[in-house]
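What follows is a short report on a single structure.
Predicted model only: the values in this text are computed from it and were never measured. Just follow the structure's listing: the first ligand is 1, and inside any ligand the first atom is 1. Positions are given from 1 along the sequence.
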Amino acid sequence: MNLIFLGPPGAGKGTQASMLSVALKIPQISTGDILRSAVRAGTTMGVRAKSFMDSGSLVPDEVVVGIVAERLQDDDCTKGFILDGFPRTVAQADALSEVLAGLGKQIEHVISITVDDEELLSRISGRRMCAKCGKGYHLQFDPPKVPGVCDNCGSNLYQRDDDKVETMRKRLDEYYLKTAPLIDYYSAKNMLRTISGIGAIEEIQQNILKGIEGS
Ligand code: AMP
């Protein structure tokens with residue numbers, strides 16, 4: 001099954017996509033994670049992307065389209081994939097259709113996770129990430145066993161620059177301006193499944209499963 005997860009930053013796309021990836025045994029492709037790895041590794045792409053990411057802006061379309069076009073050709077995508085955080089603009093969505101047509105594939109469902117702004121801002125301010133392995137935590141909902149230390153690798157946790165309140169507001173502005181139009185775009189193609197992102201993580205996952213199975 002080929003899926004897209006759509007939603008504002010902090011809606012829980014990453015958490016839900018990761019759970020669904022395990023349940024359906026298909027890879028989660030997060031452009032945010034791929035870009036952060038490139039920044040950590042100091043690649044040319046990472047250096048180019050960093051200033052956009054730190055300021056809460058979107059990375060240029062051609063950079064992310066190139067990443068996804070390459071990733072979708074990997075062997076683990078043959079049985080399906082979950083795109084998490086891509087597409088984020090109409091131009092990316094058009095480019096994705098072209099790439100998929102070239103591969104003889106198409107998207108089956110677009111899962112749109114909805115959460116109001118006030119809740120998003122409070123969720124994001126509690127997010128922390130491991131500086132070494134990239135594992136994510138939340139001070140309130142998913143805290144590490146030892147405060148400030150990664151359960152996986154023992155490295156220090158930090159707050160992403162783009163999770164700070166001022167940058168978060170910019171990311172939300174970018175979302176409403178450039179990404180939210182994709183809701184109508186996919187709705188017009190009858191591909192949209194809207195799921196509330198408020199509630200217990202497990203319950204939201206069940207609603208997503210029902211949304212893709214029952215349609
Ligand atoms: P995320 O972890 O998905 O919230 O992404 C973090 C940041 O990476 C975003 O604020 C953007 O700067 C960049 N990014 C991730 N995915 C995309 C995309 N599809 N298009 C443009 N920029 C992206």
task: Please round to the nearest 0.5 Å and tell me the distance separating atom CG of L20 and atom CD1 of I26.
output: 6.0 Å

message: Check contact between K170 and ligand 1, using heavy atoms of the residue and a distance below 4.0 angstrom.
response: no

message: Between R71 and D74, does any side-chain N to carboxylate O distance fall below 4.0 Å?
response: yes

task: Answer yes when D163 and R171 have at least one side-chain N-carboxylate O distance shorter than 4.0 Å, and no when they do not.
output: yes

- request: Pick one of side chain, backbone, both or neither for how K13 approaches ligand 1, counting any non-hydrogen atom pair under 4.0 Å.
  value: neither

query: What residue and heavy atom of the protein are closest to atom 6 (C) of ligand 1, and at what distance?
result: R36 NH1, 3.5 Å

query: ligand 1 versus E174, non-hydrogen atoms closer than 4.0 Å: side chain, backbone, both, neither?
result: neither

query: Does any N/O atom on G85 come nearer than 3.5 Å to any N/O atom on ligand 1?
result: yes

task: Give the contacting part of R160 toward ligand 1: side chain, backbone, both or neither, where contact means a heavy-atom distance below 4.0 Å.
output: side chain

message: Is it the case that atom NZ in K135 sees more than 12 heavy atoms from other parts of the structure closer than 6.0 Å?
response: yes

field: Heavy atom of P87, distance to ligand 1 below 4.0 Å
entry: no

- prompt: Going by atom types alone, do D94 and Y185 pair a side-chain donor with an acceptor below 3.5 Å?
  reply: yes

- request: Mind checking the CZ-CE spacing from R160 to M168? Nearest 0.5 Å is all I need.
  value: 9.5 Å

message: Between D117 and R169, does any NZ, NE, NH1 or NH2 come within less than 4.0 Å of an OD or OE carboxylate oxygen?
response: no

query: To which protein heavy atom is atom 9 (C) of ligand 1 closest, and what is the distance rounded to 0.1 Å?
result: R88 NH2, 4.0 Å

Name of the residue among V110, L83, I107, L24 meeting side-chain contact (heavy atoms from CB on, under 4.5 Å) with L3: L24

- request: Could you check which of L35, T31, V65 puts a non-hydrogen atom nearest to atom 14 (N) of ligand 1?
  value: L35

query: Can you list the atoms of ligand 1 that are under 4.0 Å from a heavy atom of Q92?
result: 18 (C), 19 (N), 20 (N), 21 (C)

- request: Among all protein heavy atoms, pick out the one at the shortest distance from atom 10 (O) of ligand 1; state its residue, atom name and that distance to 0.1 Å.
  value: R171 NE, 3.7 Å

- request: Report the nearest protein non-hydrogen atom to atom 8 (O) of ligand 1: residue, atom name, distance rounded to 0.1 Å.
  value: M53 CE, 3.5 Å

query: For atom 22 (N) of ligand 1, which protein heavy atom lies nearest, and how many Å away is it?
result: V59 N, 3.0 Å

- prompt: Which is it for I4 and L96 under the side-chain contact (heavy atoms from CB on, under 4.5 Å) test, yes or no, and what are the steps along the way?
  reply: CA-CA 11 Å; I4 291 174; L96 175 65; 3.8 Å; yes

task: List the closest protein heavy-atom neighbour of atom 12 (O) of ligand 1: residue, atom name, distance to the nearest 0.1 Å.
output: S57 O, 2.7 Å

